[in-house]
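A short write-up of the structure that comes next.
The figures here come from the full heavy-atom set of this structure, side chains too, leaving out hydrogens, waters and symmetry mates. Bear in mind the structure is a predicted one, so any value in this text is a computation, not a measurement.
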Amino acid sequence: MRILPLAFYLENENDIQKLYLTVKEVSSITHGHFRSVFACFIYVVFAIQLIKGKSKKEAYLYMQKTVLEYAEIQSFNSKEVELFNRILKNDISGYPEDEIKSGVMSFTV
């Protein structure tokens, strides 16, 4: 993903607000919809923890807690955030591979 280099740039950023805003600014160059920005934010928060040496499980749990808390504090649109419940409120490592789908999302503005 093209956003991954940003994790190295933000590796030492402790201000979650600044981290989110930087991810938003960079990802919005090509994908400005909230879902795209939020997905990039999730990815960068997770990647930073891996860069810091956390295990995949530790990084994943940290990402879930951090992203959910931030979304609540920011009062993001709950319907948009709920679209990410599968990754934010469950353990994706337990999903069978055939239940993991990817593709183009449709956006309504």
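- You'll find the side chain of H31 stays beyond 4.5 Å of the side chain of V37, heavy atoms only.
- The 12-atom threshold is exceeded at CZ of F76, counting heavy atoms of other residues, nucleotides or ligands nearer than 6.0 Å.
- Within a 6.0 Å sphere centred on CD of E25, heavy atoms belonging to other residues, nucleotides or ligands number 12 at most.
- Closest non-hydrogen pair, L88 versus M63, comes out as CD2-SD, 3.6 Å.
- For the pair F84 and I42, the minimum side-chain heavy-atom distance is below 4.5 Å.
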Practice task
Evaluate the criterion side-chain contact (heavy atoms from CB on, under 4.5 Å) for residue pair V81 and E72; output intermediate values, then yes/no.
Solution key: CA-CA 9 Å; V81 174; E72 186 175 318; over 6 Å; no
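- Using cut-offs of 30° and 60° for the angle between ring planes, the F34 and F38 rings count as parallel.
- The shortest distance between side-chain heavy atoms of I87 and F46 does not fall below 4.5 Å.
- Using a 4.5 Å heavy-atom cutoff, the side chains of L21 and K18 are not in contact.
- The pair R35-E80 counts as a salt bridge, with a side-chain nitrogen and a carboxylate oxygen less than 4.0 angstrom apart.
- Taking the side chain to side chain contact (heavy atoms under 4.5 Å, CB included) definition, one finds that A7 meets it with L4, V44, A47, I48, I51, sequence neighbours left out.
- You'll find the side chain of Y43 stays beyond 4.5 Å of the side chain of V23, heavy atoms only.
- Looking at heavy atoms from C-beta onward, Y20 lies out of side-chain contact with I16 at the 4.5 angstrom threshold.
- Nearest heavy-atom pair across Q49 and A59 is CB-CB, 3.5 Å.
- Shown here are the side-chain hydrogen bond (donor to acceptor under 3.5 Å, both in side chains) partners of K24, two or more places apart in sequence or in another chain: there are none.
- The shortest heavy-atom contact between K57 and D91 is NZ-OD2, 3.2 Å.
- At least one side-chain heavy atom of Y70 sits less than 4.5 Å from a side-chain heavy atom of Q17.
- Within a 6.0 Å sphere centred on OH of Y9, other residues, nucleotides and ligands contribute 12 heavy atoms or fewer.
- In the hydrophobic cluster analysis, where Ile, Leu, Val, Met, Phe, Trp and Tyr join through side-chain heavy atoms closer than 4.5 angstrom, F41 is grouped apart from L61.
- Rounding to the nearest 0.5 Å places CG of N12 at 6.5 Å from NZ of K52.
- Separating the CD atom in Q64 from the CG atom in N90 is a distance of 8.0 Å, to the nearest 0.5 Å.
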